[in-house]
Amino acid sequence: MTSLRQRFVKFLDEKNFFTNMLDKIEEKTGVRKYYLAAGSITTLGIYLVFGYGASLLCNLIGFVYPAYSSIKAIESTDKEDDTKWLTYWVVYGIFSVAEFFSDIFLYWFPFYYAGKCLFLLWCMAPVVWNGSQLIYNRLVRPLFLKHQNRVDSVVNDLSSKALNAAECVTREAVKLHLEKNKEN
């Protein structure tokens, strides 16, 4: 098994958005991209533990790159990248809802934002053991398939009730408008 450092160096040799940006910075500053990346990761890690606005930074990390990659996936003809990013967004959505209800407890943990960022990076990582794929295939998909018919039934029922309510409100609004016009 290759060491973490060897995998990091190998990643820096690949061509992608981040390494292209590091190449440009290296060219302008003369500082090797290995040191630029290591310094940036260290600074980011320290900021996530001690910095003000760590929540915003963590949410940006979990949103900006996946949103960019999702747009690229939509514009490509390959179906695999669409599935990959849709899976990420499903897991991200579930995580966000769970976090909303448990945030009162989670924010008290000192390394919460660093852990959250690591989790989100694991979910979007371009590796075989990608977090969103693992969570989706082992947890979300089995639960979805087990309860799909029941959920579809509830959604259809709520949809028809919402449509009926909208029709009633529209009828009443038109009726009130016509009555007001008759009075004038």
Side-chain angles (χ1 to χ4, degrees), residues 7 11 14 16-18 41 44-45 47-49 51-178:
R7 291 193 319 215
F11 171 76
E14 294 174 4
N16 58 50
F17 175 75
F18 296 114
I41 291 169
L44 182 65
Y47 185 80
L48 286 171
V49 173
Y52 178 76
S55 174
L56 174 64
L57 180 61
C58 196
N59 287 331
L60 285 173
I61 289 169
F63 180 78
V64 173
Y65 178 72
Y68 171 76
S69 295
S70 297
I71 293 168
K72 283 180 63 175
I74 290 168
E75 297 302 321
S76 77
T77 56
D78 185 17
K79 182 190 177 310
E80 262 186 53
D81 57 356
D82 296 354
T83 303
K84 173 188 173 186
W85 289 109
L86 277 171
T87 303
Y88 172 83
W89 289 114
V90 167
V91 171
Y92 182 85
I94 292 169
F95 176 77
S96 295
V97 170
E99 181 186 39
F100 175 79
F101 289 108
S102 60
D103 67 345
I104 196 164
F105 305 110
L106 294 175
Y107 294 134
W108 288 99
F109 290 103
F111 299 107
Y112 172 69
Y113 291 113
K116 177 182 174 182
C117 281
L118 287 173
F119 171 77
L120 293 173
L121 288 169
W122 175 56
C123 284
M124 69 177 90
V127 293
V128 178
W129 41 272
N130 173 294
S132 58
Q133 297 294 326
L134 248 154
I135 292 168
Y136 179 80
N137 289 324
R138 292 190 181 171
L139 296 173
V140 177
R141 187 170 187 270
L143 281 170
F144 173 76
L145 293 175
K146 181 178 179 182
H147 301 288
Q148 180 180 4
N149 292 334
R150 195 174 322 153
V151 172
D152 284 346
S153 173
V154 169
V155 167
N156 289 336
D157 187 42
L158 289 175
S159 177
S160 65
K161 286 181 181 179
L163 185 59
N164 289 340
E167 287 174 357
C168 287
V169 168
T170 303
R171 261 189 252 114
E172 289 298 317
V174 169
K175 183 179 169 184
L176 285 172
H177 180 71
L178 291 175

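Here the structure is a predicted model, which means the values were calculated and not measured. As a basis for the values below, the full set of heavy atoms in this structure was taken, side chains included, without hydrogen atoms, waters or symmetry mates.
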Got a donor-acceptor contact below 3.5 angstrom from the Ser153 side chain to the Asn149 backbone?
no

How about Val91 and Gln133: do any of their side-chain heavy atoms sit closer than 4.5 Å?
no

Closest approach of Asn130 and Ser132, non-hydrogen atoms and distance?
OD1-OG, 2.6 Å

Measure the spacing between NZ of Lys116 and CG of Leu121 and express it to the nearest 0.5 Å.
12.0 Å

Quick one: are Tyr92 and Cys123 in side-chain contact, heavy atoms under 4.5 Å?
no

Quick one: closest heavy-atom pair of Ile61 and Cys117, and the distance?
CD1-SG, 3.9 Å

For atom CD of Gln148, decide whether the heavy atoms of other residues, nucleotides or ligands shown that lie under 6.0 angstrom number more than 12.
yes

Are the side chains of Ser96 and Phe100 in contact, using a 4.5 Å heavy-atom criterion?
no

Closest non-hydrogen atoms of Met124 and Gly62, given as atom of the first, atom of the second and distance, are CE-CA, 4.0 Å

Consider ring pair (Phe, Tyr, Trp, His ring centres under 6.0 Å). Of Tyr136, Phe119, Trp89, which one does Phe95 pass it with?
Phe119

Distance, nearest 0.5 Å, that separates CG of Leu158 from CG of Leu163
12.5 Å

Do the non-hydrogen side-chain atoms of Val90 and Leu86 ever get within less than 4.5 Å of each other?
no

Mind checking salt bridge (charged side-chain N to carboxylate O under 4.0 Å, His left out) for Asp157 and listing every partner two or more places apart, or none if nothing turns up?
Lys161

Is any side-chain heavy atom of Tyr88 closer than 4.5 Å to a side-chain heavy atom of Leu120?
yes

List the residues meeting ring pair (Phe, Tyr, Trp, His ring centres under 6.0 Å) with Phe144, not counting sequence neighbours, and say none if there are none.
none

Looking only at heavy atoms, what is the nearest atom pair of Asp81 and Ser76, with distance?
OD2-OG, 2.7 Å

So which heavy atom on Tyr113 is nearest to which on Cys58, and how close?
O-SG, 3.5 Å

Can you tell if the side chain of Leu134 reaches within under 4.5 Å of the side chain of Trp122, non-hydrogen atoms only?
yes

